Amino acid sequence: MNESLFTCEGCLTEYVVTIFKATLPDAPADFVVRVSPVTDRRFGDFQCNDALALGKQLKQPPRKIADQIVAAMSPLPPMLERVEIAGPGFINLTLSNAWLAEQAQRVIALPQCGIPQVGEGRTVVIDYSSPNVAKPMHIGHIRSTIIGNALDRFFRALGYRVIADNHLGDWGTQFGIIIKGFREFLDADALAASPVEELERIYIASYQRTKEDETYLDACRNELVKLQQGDAENLALWKRFVALSIQEFERVYKRLGIGFDLYRGESFYNDQLPGVIEKLRAHNMVEESEGALVVKLDDEGLPLCIVRKRDGAFNYTTTDIATVFSREQEFHPARIIYVTDERQQLHFKQFFAVCQKLGIATTLEHVWFGLMRLPEGTFSTRQGNVIKLESLLDEAERRARDIIDASNPDMPENEKATLARDIGIGAVKYADLSHDPKNLITFTWDRALALEGNSGPYLQYACARISSLLAKYAEIAPGRDPLQNKWRVTNESERLLGLELLRFPSIVLRAADAYKPSILADYLFGLSQAYSTFYQSSPVLKSEPEIRDSRIRLCVMVMLVLKQGLSLLGIATPERI
RNA sequence: GCCCCUGUAGCUUAGCCGGAUAAAGCAUGGGAUUUCUAAUCCCAGGACCGCAGGUUCGAAUCCUGCCAGGGGCGCCA
């Protein structure tokens, strides 16, 4: 399958490349010819700048090359209305309205509005969210969860088999402290009311005590050893902590419309850790240093990394390597994608390098994002300025609800609640997904919950307006399926919409390739803007039947793309707002 | 000290595989509704694209140096 033919950029590029090759056989074989959207609408729809670069290479005036290219395009193919040379040798292309309309209707009618199935037959594991057991999720967890889930949806839509794996932090020294603390400080009522919050409180209290009381610290260590040795009582407690935590995480995930294929915590790989050391030994990769076992990565220009601590315990690098082996064996993924914050960049570089040395074939990708902070600085449990994820979602829904109460007082109560959820959650997700993951995010309520302008609700609103049009159309023109109508371009705002629609499949591909949901979010905002402009200036239902039927077809296409696109971002599209 | 990332309008950002007059949202000022949802639309003002060099016909985009912010750099994950 040639995915480039899904886009008009692809079609045009293919055509222009053919012309270049036929016209200029002397051009270097590796010369790349590209067609891109114009930088300014006055120039047409697309532009090709490569006559300029080629002029230099062939030592000819670029203008002359452009002349030859344009001459060779005559007569123009059906897709083009006009070709012009501008300035020093820009070739500006304008699509014909007939072809544009035809192509848009063909592409958007394809399954998933034409998203190419480039991942067919391939598997990708996406490791995201990964909160710690016995700690409530706070706004620091939101980015991995939301960005990871968007990537999850992208890859599924592209035809990949996706394994969404929640690699919970469910093992480690903290469990000795929690188990001991559980026996010392438990408030049973609090545990019943809010289990994870209580577990966290217990942990903090117990941790405090370890700093003041040496024998208490020893007792905690002892509990940890017992747990690791499989002591029935401690194991049961630990399992309870994990179960309680997952239960609570799932409540949040459900609210966010997120699901995982696996909840495989670190503990799952426990008994595979000695095997990792064996493999490293077999590859002659480990040596002892200051009592620890390390892998040196001098050739890769990286600091050495520890795979077994001085006390004989393994660390997260070992677990991560074991996890790769396990996933490789079980799922045979083409790629494993990790979505974490920026602080772990070095760790991933090191552990990827180790995997490569071990001959692991799977492509490993670390998608990192900037930390979230508060205007006054980082947030921390100690400063008590941590915002719980659920409080954020509550506030989001509350704000959406206020507007709904004002604008839709007649709406039934249950509908209001659902709508407040769709809009509030959509706003939170969009606020994150519309930015490049690498940017730092300074959290403010107003930014996280924007409901106007470039925001989730703006896109939902555009979509809902189309739904409303369609409902009315069904009354005016009963029995007519808008998708059976033919759209033809009648004005400039329609044209712009058509051009935008045609970009959708390649945008999805690009967003997934770059691991940047913001590319899709940005596109959808642009599409919505183009639609709002069209909607303002071009009556649909009030036009003559012929225009009305044509325009409603265009509206449906916009709605299909918005719905498809928003669903890839995990954002709901309510019928009415 | 070394490494990674970021620096574009008052604020939040897009553009960064080099291209024509740097694009949006918020905020500010003005306008649009007896007309398909005003969470909307239209118009205006607002930018030494961190600074300095370099490469190029052409640089926000590529290279070098510097400055500022964030993060990381052996037994936490």
Side-chain angles (χ1 to χ4, degrees), chain A residues 32 34 36 38-40 42-43 47 49-50 52-53 55-56 62 86-90 92 130 132 167 169 171-174 266 289-294 301-311 313-317 319-320 340-347 349-350 368 370-371 373 378 400 403-404 406-408 423 427 431 434-436 438-442 444 446-447 450-462 464-473 476 518-519 521-522 525-526 528-529 532-543 548 551-552 555 576-577:
Chain A
V32 179
R34 285 173 49 208
S36 50
V38 286
T39 53
D40 189 315
R42 288 178 305 131
F43 304 139
Q47 62 185 53
N49 306 333
D50 297 303
L52 292 154
K56 194 158 93 187
F90 297 103
N92 293 332
S130 309
N132 291 323
H167 193 70
W171 201 248
T173 49
Q174 73 272 29
E266 292 158 356
S289 169
E290 297 174 29
L293 272 188
V294 305
L302 293 169
L304 60 76
C305 89
I306 292 168
V307 291
R308 202 181 67 194
K309 301 191 279 187
R310 198 176 350 197
D311 64 3
F314 302 105
N315 65 0
Y316 62 121
T317 304
T319 308
D320 279 343
T340 81
D341 73 58
E342 60 184 333
R343 289 175 302 185
Q344 299 195 40
Q345 284 177 84
L346 180 58
H347 161 64
K349 273 188 193 164
Q350 290 178 311
W368 59 266
L371 280 176
R373 44 189 25 253
T378 50
I403 294 180
I404 294 163
S407 63
N408 291 316
I423 292 178
S434 60
H435 296 120
D436 186 324
K438 289 185 167 55
N439 289 343
L440 291 175
I441 287 192
T442 302
T444 66
D446 286 343
R447 263 179 234 151
L451 303 171
E452 286 173 1
N454 189 355
S455 68
Y458 178 92
L459 311 201
Q460 292 172 317
Y461 182 71
R465 292 215 281 195
I466 302 176
S467 295
S468 167
L469 276 189
L470 284 174
K472 293 203 163 109
Y473 182 77
I476 300 171
S518 58
I519 291 174
D522 205 48
F525 177 59
S528 302
Q529 273 185 311
S532 293
T533 301
F534 157 80
Y535 180 84
Q536 195 72 22
S537 63
S538 314
V540 178
L541 303 179
K542 304 200 163 168
S543 297
R548 176 196 73 189
R551 285 185 176 162
I552 200 77
C555 292
R576 184 183 158 191
I577 285 185

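Quick note on labels: first sequence line is chain A, next is B, and so on, each numbered from 1. Note that the coordinates shown come from a computational prediction; the quantities given were computed from them, not determined experimentally.
- A:E290 comes within 4.0 angstrom of a nucleotide base, judged by non-hydrogen atoms across all strands.
- Within 4.0 Å (heavy atoms only), A:S468 reaches at least one base atom of the nucleic acid.
- At a threshold of 4.0 angstrom between heavy atoms, the contacts of A:D446 with the nucleic acid are absent.
- The residue A:N49 sits close to a base: some heavy atom pair falls under 4.0 Å.
- A straight line from NE2 of A:H347 to C1' of B:C73 spans 14 Å, rounded to a whole angstrom.
- To the nearest whole angstrom, the two C1' atoms, one in B:G54 and one in B:G74, are 40 Å apart.
- A donor-acceptor contact under 3.5 angstrom links the side-chain atoms of A:N92 to the base of B:A20.
- Checked for salt-bridge contact, A:D40 and A:R42 meet the test: a charged N lies under 4.0 Å from a carboxylate O.
- Within 3.5 Å, a donor on the side chain of A:Q47 pairs with an acceptor on the base of B:A20, or the reverse.
- Contact annotation for A:L459: no contact, since no heavy-atom pair falls under 4.0 Å across all strands.
- Here A:F43 lies parallel enough and close enough to stack on the base of B:A20, with planes under 30° and ring centres under 5.5 Å apart.
- Candidate nucleotides B:G25, B:U13, B:G70 were compared by shortest atom distance to the side chain of A:Q529, and B:G25 ranks first.
- Here the closest heavy-atom approach between residue A:T317 and residue A:C305 is recorded as CG2-SG, 3.9 Å.
- Set against B:C5, B:C36, B:C75, the side chain of A:P539 has B:C36 as its closest nucleotide.
- Per the geometry, CG belonging to A:D436 stands 16 Å off C1' belonging to B:A24, to the nearest Å.
- Looking at heavy-atom distances under 4.0 Å, A:R447 makes contact with sugar-phosphate atoms alone, never a base.
- At a threshold of 4.0 angstrom between heavy atoms, the contacts of A:A53 include nucleobase atoms, whether or not backbone atoms are also involved.
- Where A:T533 and A:N132 meet RNA chain B, the nucleotide closest to each residue was compared, and A:T533 sits on the side nearer the 5' end.
- Put simply, the side chain of A:S289 and the base of B:G74 share a donor and an acceptor less than 3.5 Å apart.
- For A:T39 and B:G19, the shortest distance from a side-chain N or O to OP1 or OP2 is not below 4.0 Å.
- Here A:D446 pairs with A:R399 under the salt bridge (Lys or Arg N to Asp or Glu O under 4.0 Å) rule; sequence neighbours left out.
- A donor-acceptor contact under 3.5 Å is formed by the side chain of A:R42 with the base of B:U21.
- Proximity of A:S407 to the phosphate of B:A38: no side-chain N or O atom is located under 4.0 Å from OP1 or OP2.
- Nucleic acid contact for A:S538: base, since at least one base atom lies under 4.0 Å from a heavy atom of the residue.
- The separation between A:Y461 atom OH and B:A39 atom P is 4 Å, rounded to whole Å.
- Between A:I423 and A:Y461 there is no side-chain heavy-atom pair separated by less than 4.5 Å.
- Here the P atom of nucleotide B:G70 and the CH2 atom of A:W368 are 15 Å apart, to the nearest Å.
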Go through it in stages, so that I can follow the logic: the residues are A:Y535 and A:L469, the test is side chain to side chain contact (heavy atoms under 4.5 Å, CB included), and I'd like the CA-CA distance, side-chain angles, deciding distance and then a yes or no. CA-CA 11 Å; A:Y535 180 84; A:L469 276 189; 4.2 Å; yes
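- Close to B:C76, at under 4.0 Å from its OP1 or OP2, lies no side-chain N or O of A:R343.
- The separation between A:L541 atom CG and B:U37 atom C1' is 12 Å, rounded to whole Å.
- Among the nucleotides B:U37, B:A39, B:C73, the one closest to the side chain of A:I423 is B:A39.
- Residue A:T319 is out of contact with every strand shown, counting any heavy-atom pair closer than 4.0 Å.
- Of the candidates B:C42, B:C36, B:C75, the closest approach to any side-chain atom of A:L469 belongs to B:C36.
- For the pair A:E452/A:P457, no side-chain contact is recorded, criterion being any heavy-atom separation below 4.5 Å from C-beta on.
- Within the 4.0 angstrom heavy-atom criterion, base atoms lie near A:I403.
- To the nearest whole angstrom, the two P atoms, one in B:A60 and one in B:G69, are 26 Å apart.
- Put simply, CG on A:N454 is 15 Å from C1' on B:A27, counting in whole angstrom units.
- Stacking of the aromatic ring of A:F90 onto the base of B:G19 is not found under the criterion of centres within 5.5 Å and planes under 30°.
- When distances are taken from the side chain of A:Q344 to each of B:A77, B:G18, B:C75, the shortest belongs to B:A77.
- Across the C1' atoms, B:G7 and B:A47 are found 14 Å apart, a figure rounded to whole Å.
- Which of B:G70, B:A39, B:A38 sits closest to the side chain of A:E452 comes down to B:A39.
- Closest contact between the side chain of A:Q536 and the listed nucleotides B:C75, B:C17, B:A32 involves B:A32.
- When heavy atoms are screened at a 4.0 angstrom cut-off, A:Y473 is found touching no nucleic acid atom at all.
- Using a 4.0 Å heavy-atom distance criterion, A:L346 is classed as a sugar-phosphate-only contact.
- Phosphate proximity of B:G70 to A:K438: absent, as no side-chain N or O sits under 4.0 Å from OP1 or OP2.
- For A:H435, the listed nucleotide lying nearest its side chain is B:U13; candidates were B:C75, B:C36, B:U13.
- OP1 or OP2 of B:C41 lies within a sub-4.0 Å distance of a side-chain N or O belonging to A:Y458.
- As judged by a 4.0 angstrom heavy-atom cut-off over every strand, A:A313 is placed among residues making no nucleic acid contact.
- Of the candidates B:U37, B:A39, B:C42, B:A39 carries the atom nearest the A:P457 side chain, counting heavy atoms from C-beta on.
- Checking B:G71, B:A14, B:C4 against every side-chain atom of A:N439, the shortest atom distance belongs to B:A14.
- Using a 4.0 Å heavy-atom distance criterion, A:V294 is classed as a base contact.
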